[in-house]
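Everything on this sheet refers to the single structure shown next.
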Amino acid sequence: HPALMRATIESIGVGNVIYVNDSFFIWGGKTPGVWSKVDDRLIRHQIQFNYHKMIDDNYTKSPIDSVLDLTKTEIFKDKHVFNTHTKIINTINGELHHINWEWVLHPQVRVNYCVTQIPGAFDPYAKAPRFRQFLAEIFKGYPDAEDKAMIILEMMGYSLLSTCCFEKFIMLIGSGANGKSVLLGVV
């Protein structure tokens with residue numbers, strides 16, 4: 001059974017599967033660049049495949065359960081924490097790191113243990129002319145319109161982080177039909 005357990009872990013990828021809080025997590029399983037919680041049946045399926053390949057087709061529930069339990073113990077991480085780097089933003093094409101007041105795209109790294117990902121790719125050259133126009137429209141006539149627009153952009157960026165370490169919140173106040181709901185729809 002230990003050889004079958006090792007073969008199962010190796011077939012998924014050493015370091016690409018962990019057992020935390022009574023659940024299996026696989027790196028890049030459902031979504032590349034993300035640790036995803038997977039059903040035990042997926043691991044059982046891999047054990048059965050390896051059993052068939054290494055031993056024979058005549059297996060029963062008992063040895064599969066035994067190997068599953070050995071696998072859980074082998075890859076168990078006690079008190080494990082996901083999203084260890086709270087000031088990065090995981091996107092489809094990499095992790096954004098805030099370095100020297102700039103966002104820098106880095107490859108996704110499994111040891112950052114990201115369990116979330118924004119469903120879009122980062123493009124440093126992307127423009128948002130209509131959104132900037134929207135901000136100008138809702139703050140038109142205010143002497144501090146540019147400052148208010150910047151605060152909105154900062155709030156939106158803050159909402160993308162997996163931390164609330166800056167201890168900030170925002171309240172959208174005003175009469176109706178002034179852009180609050182539209183802004184929240186964009187967020």
Side-chain angles (χ1 to χ4, degrees), residues 8-21 23-39 42-43 46 74-140 142 144-172 179-187:
T8 300
I9 293 170
E10 288 172 8
S11 65
I12 297 169
V14 175
N16 289 341
V17 59
I18 59 176
Y19 190 73
V20 179
N21 299 328
S23 297
F24 284 100
F25 286 83
I26 292 181
W27 163 252
K30 295 176 188 172
T31 307
V34 177
W35 282 91
S36 302
K37 184 177 179 178
V38 296
D39 191 280
L42 182 73
I43 307 302
Q46 195 62 47
E74 181 70 17
I75 61 176
F76 175 71
K77 288 200 175 263
D78 189 31
K79 299 177 185 172
H80 179 74
V81 178
F82 287 101
N83 293 322
T84 55
H85 295 282
T86 57
K87 294 180 184 174
I88 64 170
I89 299 171
N90 190 13
T91 69
I92 289 174
N93 61 334
E95 295 174 349
L96 288 171
H97 295 248
H98 197 249
I99 301 170
N100 297 325
W101 297 100
E102 289 187 42
W103 287 103
V104 180
L105 189 66
H106 289 278
Q108 291 148 332
V109 180
R110 75 177 177 204
V111 295
N112 287 342
Y113 292 101
C114 292
V115 292
T116 59
Q117 184 178 80
I118 293 174
F122 174 69
D123 179 357
Y125 304 107
K127 304 289 182 206
R130 181 59 187 106
F131 186 71
R132 292 196 178 274
Q133 179 185 342
F134 166 73
L135 291 176
E137 290 168 356
I138 63 174
F139 295 126
K140 185 176 182 178
Y142 287 92
D144 58 350
E146 287 184 30
D147 292 337
K148 288 180 178 185
M150 184 56 69
I151 288 171
I152 294 294
L153 293 173
E154 288 176 2
M155 179 273 308
M156 292 175 78
Y158 188 35
S159 73
L160 299 176
L161 296 175
S162 64
T163 181
C164 56
C165 67
F166 299 112
E167 299 181 2
K168 303 289 181 196
F169 73 97
I170 190 164
M171 293 174 34
L172 304 176
K180 296 184 302 288
S181 295
V182 172
L183 177 65
L184 290 175
V186 170
V187 173

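In what follows, residues are counted from 1 in the order of the sequence shown. No hydrogens, no waters, no symmetry mates; every other heavy atom, side chains included, goes into these values.
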Margin query: Can you confirm if the NZ or CZ of K77 lies within 45° of the ring axis of Y19 and under 6.0 Å from the centre of its six-membered ring?
Written below: no

Notebook entry, point to check: Roughly how far, to the nearest 0.5 Å, is CG of L184 from CD1 of I170?
Noted result: 9.0 Å

Margin query: Does M150 have more than 12 heavy atoms from other residues, nucleotides or ligands lying within 6.0 Å of its CE?
Written below: no

Note to self: I need the T86 OG1 to L161 CG distance, nearest 0.5 Å.
What the structure shows: 7.5 Å

Notebook entry, point to check: Passes side-chain contact (heavy atoms from CB on, under 4.5 Å), F76 versus V20? Steps please.
Noted result: CA-CA 6 Å; F76 175 71; V20 179; over 6 Å; no

Notebook entry, point to check: Between Y158 (side chain) and E167 (backbone), is there a donor-acceptor pair under 3.5 Å?
Noted result: yes

Note to self: Distance alone, cut at 3.5 Å: any donor-acceptor contact between the side chains of T8 and Q46?
What the structure shows: no

Notebook entry, point to check: Is any side-chain N of the basic residue among K87 and E95 closer than 4.0 Å to the acidic one's carboxylate O?
Noted result: no

Check: Would a distance-only check, ignoring hydrogens and angles, find a side-chain to backbone donor-acceptor pair under 3.5 Å from N90 to G33?
Finding: yes

Check: Between T116 and F82, is any pair of side-chain heavy atoms under 4.5 Å apart?
Finding: no

Next item on the list: Heavy atoms only: give me the nearest F139-A145 pair and the separation to one decimal.
Entry: O-CB, 3.4 Å

Next item on the list: Starting at CD1 of I151, measure out to CD of E146 and round the result to the nearest 0.5 Å.
Entry: 12.5 Å

Check: Any side-chain heavy-atom pair from F122 and V104 closer than 4.5 angstrom?
Finding: no

Check: Does atom CD of Q133 have more than 12 heavy-atom neighbours from other groups under 6.0 Å away?
Finding: yes

Checklist line | Centroid-centroid distance, Y113 to F25, less than 6.0 Å | finding: no

Margin query: Strictly distance-based, threshold 3.5 Å: is any side-chain N or O of T91 a donor or acceptor partner for the main-chain N or O of I118?
Written below: no

Checklist line | Side chain W35, main chain R110, donor-acceptor under 3.5 Å | finding: yes

Checklist line | Any side-chain heavy-atom pair of I26 and I12 under 4.5 Å | finding: yes

Item checked: Identified side-chain contact (heavy atoms from CB on, under 4.5 Å) partner of I152 from the options V187, D147, L172 -> L172

Next item on the list: Might you confirm whether atom CD of E137 has over 12 heavy atoms from other residues, nucleotides or ligands at distances under 6.0 Å?
Entry: yes

Checklist line | Polar contact flag, side-chain donor to acceptor under 3.5 angstrom, S23-N21 | finding: no

Check: Are any side-chain N or O atoms of N83 and backbone N or O atoms of V115, one a donor and one an acceptor, separated by less than 3.5 Å?
Finding: yes

Next item on the list: Kindly indicate whether the side chain of K148, heavy atoms from C-beta on, has any atom under 4.5 Å from the side chain of Y142.
Entry: yes

Notebook entry, point to check: Are H85 and V111 side-chain neighbours, meaning at least one heavy-atom pair lies under 4.5 Å?
Noted result: no

Note to self: side-chain contact (heavy atoms from CB on, under 4.5 Å), that's the test. Do M156 and L183 meet it? Break it down for me.
What the structure shows: CA-CA 10 Å; M156 292 175 78; L183 177 65; 4.1 Å; yes

Notebook entry, point to check: Is the shortest heavy-atom distance from the side chain of V186 to the side chain of F131 under 4.5 Å?
Noted result: yes

Check: So, T31 side chain and V34 main chain: donor-acceptor pair closer than 3.5 Å or not?
Finding: no

Next item on the list: Using the side-chain contact (heavy atoms from CB on, under 4.5 Å) rule, take F24 and I75 through it: C-alpha gap first, then chi angles, then the decisive distance, then the call.
Entry: CA-CA 9 Å; F24 284 100; I75 61 176; 3.7 Å; yes

Notebook entry, point to check: Which pair of heavy atoms, one from I89 and one from G157, lies closest together, and at what distance?
Noted result: CD1-O, 4.5 Å

Item checked: Non-hydrogen side-chain atoms of Q108 and Q117 separated by less than 4.5 Å -> yes

